[in-house]
Amino acid sequence: MTRVRRGYTARRRRRKIRLFASTFRGAHSRLTRTITQQKMRALVSSHRDRGRQKRDFRRLWITRINAVTRDNGVFPTYSKFIHNLYKRQLLLNRKILAQIAIENKNCLYMISNKISQIKKILK
């Protein structure tokens, strides 16, 4: 039987898969079947964790804002602080509020004092 020279299509496909898995450890970066399984698993995890990352950061920002507003003493809870922000139409998102809370507490104190002053005037 004569020798058949294989085409380069399969080799090119495998090389592309191996480039994706070049940072994996052990057989996960060497064996084609294992690489394809790990690639599927990695893509599923990255898709799932993009949503989880958004949730985690939002929780972190809320925790930071809550800690600073309780230290401030103007608002007893985070929820009342956010409620009054919305009521006064001061539309700052939680990410910005958390950055202000960490880097410049005085600015957040000024915002909360303004809210409380407006609250007293309206009552």
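Numbers here are sequence positions counted from 1.
In this structure, N104 contributes its side chain and I100 its backbone to no donor-acceptor pair below 3.5 Å.
Here the shortest heavy-atom pairing between S29 and S22 reads CB-O, 4.5 Å. Taking every heavy atom of both residues into account, A10 and R6 meet most closely at CB-NH2, 4.4 Å. Closest approach of Q38 to F24, counting heavy atoms only: CB-CE1, 3.7 Å. Nearest heavy atoms, R70 versus P76: CG-O, 3.3 Å. A27 approaches T34 most closely through the heavy-atom pair O-CB, 3.9 Å. Heavy atoms only, all atoms of each residue included: I65 and R94 are closest at CD1-O, 3.5 Å.
Under the 4.5 Å side-chain heavy-atom criterion for grouping Ile, Leu, Val, Met, Phe, Trp and Tyr, L91 is connected to I82 within one hydrophobic cluster. Cluster annotation: L60 is not connected to I102 through the hydrophobic network of ILVMFWY side chains, with a link wherever side-chain heavy atoms come within less than 4.5 Å. Using a 4.5 Å cut-off between side-chain heavy atoms of Ile, Leu, Val, Met, Phe, Trp and Tyr, with links allowed through other members, L90 and F75 fall into the same hydrophobic cluster. Two different hydrophobic clusters hold I35 and L43 under the rule that ILVMFWY side chains link at heavy-atom gaps under 4.5 Å. With hydrophobic clusters built from ILVMFWY side chains whose heavy atoms lie under 4.5 angstrom apart, F81 shares a cluster with Y86.
When side chains are defined from C-beta on, Y109 counts as touching V68, because their heavy atoms get closer than 4.5 Å. Contact annotation: the side chain of V44 never approaches that of M40 to less than 4.5 Å [non-hydrogen atoms, C-beta and beyond].
Within the model, atoms OG1 of T9 and CZ of R14 stand 10.5 Å from one another, a figure rounded to the nearest 0.5 Å. With values rounded to the nearest 0.5 angstrom, R33 atom CZ is found 8.5 Å from Q37 atom CD. A distance of 12.0 Å separates OG1 of T69 from CD1 of I111, quoted to the nearest 0.5 Å. Distance check, rounded to the nearest 0.5 Å: CZ of R18 to CZ of R13 gives 10.5 Å. Note that the NZ atom of K16 and the CG atom of L19 stand 10.0 Å from one another [nearest 0.5 Å]. Interatomic distance, H28 NE2 to T36 OG1, rounded to the nearest 0.5 Å: 11.5 Å.
At most 12 heavy atoms of other shown residues, nucleotides or ligands fall within 6.0 angstrom of atom CZ in R25.
Here the rule is side-chain contact (heavy atoms from CB on, under 4.5 Å) with K95, and of L97, N93, L92 only N93 fits it.
Using the six-membered ring where Trp is involved, W61 and F57 have ring planes that are tilted, between 30° and 60° apart.
Looking at R15 and Y8, their side chains never bring a donor and an acceptor atom within 3.5 Å of each other.
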